[in-house]
Amino acid sequence: MKIFEKKEALQSHLGRCRERKLTIGFVPTMGALHLGHLALIKRAKKENNMVVCSIFVNPTQFNNKEDLKKYPRTLSKDIKMLKSAGCDILFTPDEKEMYPAHDDSNMLNLDFGKMDQVMEGKFRPRHFKGVATIVNKLFIMVNPQKAYFGEKDYQQLAIIKKMVESIRIPVQIVSCKTVRETDGLAMSSRNLRLTREERKAAPFIYKILKKARSLRKEKTIGDIKKWVQKQFLINQRFTLEYFEISNAISLLPLRKWDEQKKAVACIAAYLGSVRLIDNIEL
Ligand code: AMP
């Protein structure tokens, strides 16, 4: 596996690969890799001649300085995992490489309408502006045929699909199912920050999502929301930030069931100081 820190070196190498007609699959990450990330790498490896992974903890998508500071960084372990998964190229730029300017000219200003105002967007102002900016910059540098994103970050995936469609970026977005621990907890780099007790309690979130799904046939959306809120009042380990049932494409809240529209239930909750998110298609 080749490792690049500078975009010029990465691009000249990728240029030579393109001359040889090799197709490129791209997996952007923030590192602290786990089997969820590796599933994306392996799928990209199957569907392309070569795989590029990036590791960059993107400061502009964090609205909480403490969260950015505490984000796990495990580069040497990540490198080993990527090698064993067959990744061809790792791009690990530093902040100056991705944000050369010292002002807002670094940022991409797209209007996603209401899509980035709800759920994650509501509780993490400017988060999706940071995500769209970094993913767009990486797409320009890597110029892949396909890019792989996890359904774990459902709203992020929807926003990236919308960005690619609206500003006509020539890349195919491939969505990949959420990889879970055997007890149902969605794999996440943030799980590393849970205490042993918290880790034991964490599968509660997915249990609630599964139960919400099973209630779809018999209950209104309003009733399910109330039921979920109550469960989080009973289980005081968690602080529920939001539970929403949304249109799976627009991500806007659904008021009543509509058989024509796919729905997704999304949740964010704090367990101690760690913020966890998850979702389930209904
Ligand atoms: P991150 O490093 O958290 O920015 O994630 C990088 C990519 O991996 C994103 O597309 C995530 O949605 C995806 N991802 C993270 N966790 C999982 C998981 N448990 N299953 C599938 N994909 C995941």
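The structure presented is a predicted model; accordingly, all values stated were derived computationally and were not measured. Numbers for residues simply follow the sequence, beginning at 1. One-based numbering, in listed order, for ligands and for the atoms of each.
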Student: Mind telling me whether F232 and F204 have parallel, tilted or perpendicular rings, with 30° and 60° as the class edges?
Tutor: perpendicular

Student: Hey, what do you get for CE (M187) to CG (L192), rounding to the nearest 0.5 Å?
Tutor: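 Rounded to the nearest 0.5 Å, the CE-CG separation comes out at 11.0 Å.
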
Student: Between Y99 and N58, do the side chains contain an N or O donor and an N or O acceptor separated by less than 3.5 Å?
Tutor: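 Side chains of Y99 and N58: pair found under 3.5 Å.
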
Student: For ligand 1, list every N/O pair with the protein closer than 3.5 Å, one pair per line with the distance.
Tutor:
from, atom 1, to, atom 2, distance (Å)
ligand 1, 2 (O), M30, N, 2.9
ligand 1, 2 (O), H37, NE2, 2.9
ligand 1, 5 (O), H37, NE2, 3.4
ligand 1, 10 (O), G150, N, 3.0
ligand 1, 12 (O), G150, N, 3.2
ligand 1, 12 (O), G150, O, 3.2
ligand 1, 12 (O), D153, OD2, 2.6
ligand 1, 16 (N), M187, O, 3.4
ligand 1, 19 (N), V179, O, 2.9
ligand 1, 19 (N), M187, O, 2.9
ligand 1, 20 (N), V179, N, 2.8

Student: Please collect all salt bridge (charged side-chain N to carboxylate O under 4.0 Å, His left out) contacts where either partner lies in residues 130-149, sequence neighbours excluded, each pair once.
Tutor: E47-K146

Student: Do we get R180 above Y206's six-membered ring, with its NZ or CZ under 6.0 Å from the centre and within 45° of the axis?
Tutor: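 So R180 does make the cation-pi contact.
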
Student: Do D78 and R73 sit within salt-bridge range, that is, some charged N less than 4.0 Å from a carboxylate O?
Tutor: no

